[in-house]
There are 2 protein chains.
Amino acid sequence: MFSSMTQVHDTKQRLLDTAQKLFYARSYEDVGVQEICQEAGVKKGSFYHFFPSKRDLTLAILDESWKRYRETMLAQVFARDIPPLKRIERLLDSQYRHHKAVKDETGQVLGCPYGNLAGEMSTQDEVIRERLKRIFRDLEAPIEQVLEEAMAAGELAELDSRATAGAMVAYLEGLTLMAKTWNDPEVVRTLGPAMLKLAVPVTRG
Amino acid sequence: MFSSMTQVHDTKQRLLDTAQKLFYARSYEDVGVQEICQEAGVKKGSFYHFFPSKRDLTLAILDESWKRYRETMLAQVFARDIPPLKRIERLLDSQYRHHKAVKDETGQVLGCPYGNLAGEMSTQDEVIRERLKRIFRDLEAPIEQVLEEAMAAGELAELDSRATAGAMVAYLEGLTLMAKTWNDPEVVRTLGPAMLKLAVPVTRG
DNA sequence: AACATAGTTGACCGGTCGGTCAATGTCAAG
DNA sequence: CTTGACATTGACCGACCGGTCAACTATGTT
């Protein structure tokens, strides 16, 4: 009775969770609707009752997972309990610990779910690409704010905080992709701290 | 007679070129052997005469395309006709011009063929992943050398040239992925120069 | 002319792809 | 007890997947 009550109405959620996991571990194209349904214990007909297409399922995953990440991880990482620049270090540390945990569990570094999808799907689906673009822009915002705060606190020389935040997101994505290619979370730990160098004015000659 | 002579023996090459283009424009999983053959004007049976599998075709593409890029583009970009750090700028410029040209031609920024494949396939094929890892390491080498030269010439403060080269490759890949997600080559031009900041010792208040 | 080798062709394999559909089941409100 | 909305099921669709194979042709060597 209890189990049926909880099982009956979370079919949609189970599909979202299962697909998210499979897409992350492999890729969008490699994972079929059939496999998602099998893994989630749902018949294919039900899938198309909840989602008009595989593409729409993906968009739903993007919205939901990013909302969750923003409201939990990001909120914690960028909390104002430590100095601004320390929060960047905390972001890097949370990334390292995530990839370490995933590798310990699955034997593989899976990279960034958004970066992975961006590389695979940006040329194939404009709607997905725009969604990913918005996600990356969302990530720039708190970083930009951290830089502003650091400048106000005199911890940082004057610089273009918007552009620097953009560069930092790019670096973070590249870093993650390298960790995936090396299949080694330590890449994040050794190369990560260099991200702070991006917040330093160029000194040439 | 002439045309047949040149057509008869470049079947393999046509498959390589066509597949390379298609994989780059879309993705590994999205492009089928059938489509490659159609586009190349080759029957599927011939495909499997030259390549034991789609996977092996991909490995051949990786080897060939990277060899060509290294021996032409990279050799020019890192030629010793200008000061070391200027060569980094020249690398960024060549990247910008490439993505600009591709976008003008296809309407899309396609990103880095190796980065794309790394994101899609690193968790699925160890051999491909190792090959991509080697490619990225190959790219680090000339950058590392540039940094060494710059240090010797007093253009740069002392730093870990190996680690910095690694960070620069990561940044370049992230940059390229962002340009793809934004579908805008200008991302490379505006965010690119920040790569040089990675070659500056951390200065913290 | 005979022979081996490389290259080409098209039919064929089992399996999976994303997606559709009509029939059926479940359940709560009227 | 009926109605209607939501949910579930399994059969089905045409197309395509990566890959195999035996027969055939073209080429260069002896």
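Below, all heavy atoms of this structure are taken into account, side chains as well, without hydrogens, waters or symmetry copies. Throughout, protein chains are lettered first and strands after them, A, B, ... in sequence-line order, and every chain is numbered starting at 1. Predicted model only: the values in this text are computed from it and were never measured.
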Value in whole Å for how far the C1' atom of C:dG19 lies from CG of A:Leu57: 13 Å
Separation of atom CD1 in A:Ile36 from atom C1' in C:dT16, rounded to whole Å: 14 Å
Roughly, in whole Å, what's the span from NZ in A:Lys43 to P in D:dA11? 11 Å
Provide, to the nearest angstrom, the distance between the CZ atom belonging to B:Phe47 and the P atom belonging to C:dA11. 20 Å
Distance to the ring centre below 6.0 angstrom and angle to the axis at most 45 degrees; does that hold for A:Lys54 and A:Phe47? no
Might you confirm whether atom CD of A:Glu105 has over 12 heavy atoms from other residues, nucleotides or ligands at distances under 6.0 Å? no
For A:Arg55 and C:dG19, give me the distance from atom CZ to atom C1', rounded to whole Å. 15 Å
Starting at the 5' end of DNA chain C, which residue's closest nucleotide do you reach first, A:Tyr28 or A:Ser46? A:Tyr28
Any side-chain N or O of A:Gln34 under 4.0 Å from OP1/OP2 of C:dG18? no
Suppose we call a contact any N or O donor and acceptor under 3.5 Å apart; does that hold for the side chain of B:Lys44 and the base of D:dG19? yes
So, does A:Tyr48 get its side chain near the phosphate of C:dT20, meaning an N or O under 4.0 Å from OP1 or OP2? no
Side-chain N or O of A:His49 less than 4.0 angstrom from OP1 or OP2 on D:dT8? no
Where the side chain of B:Phe50 is defined as all heavy atoms beyond and including C-beta, which of C:dG7, C:dT9, C:dG19 is the nearest nucleotide? C:dG7
Mind calculating the distance between CD (B:Gln38) and C1' (C:dG10) to the nearest angstrom? 14 Å
Can you confirm whether A:Lys103 is buried at NZ, in the sense that more than 12 heavy atoms of other residues, nucleotides or ligands lie under 6.0 Å from that atom? yes
Length of the CG-P vector between A:Asp30 and D:dC17, whole Å: 14 Å
Rounded to whole Å, how long is the line connecting atom CD of A:Gln13 with atom P of D:dA7? 14 Å
Between A:Lys54 and C:dG18, is there a side-chain N or O to OP1/OP2 distance below 4.0 Å? yes
Does any donor atom in the side chain of B:Thr181 or A:Tyr114 lie under 3.5 Å from an acceptor atom in the other side chain? no
Does B:Thr11 place a side-chain N or O at less than 4.0 Å from the phosphate oxygens OP1/OP2 of C:dG7? no
Residues A:Val127, A:Arg131; criterion side-chain contact (heavy atoms from CB on, under 4.5 Å); working and verdict: CA-CA 6 Å; A:Val127 180; A:Arg131 208 76 122 229; 4.1 Å; yes
For a quick check of understanding: with a heavy-atom distance under 4.0 Å over all strands, which category does B:Gly32 fall into, base, sugar-phosphate or nothing? sugar-phosphate
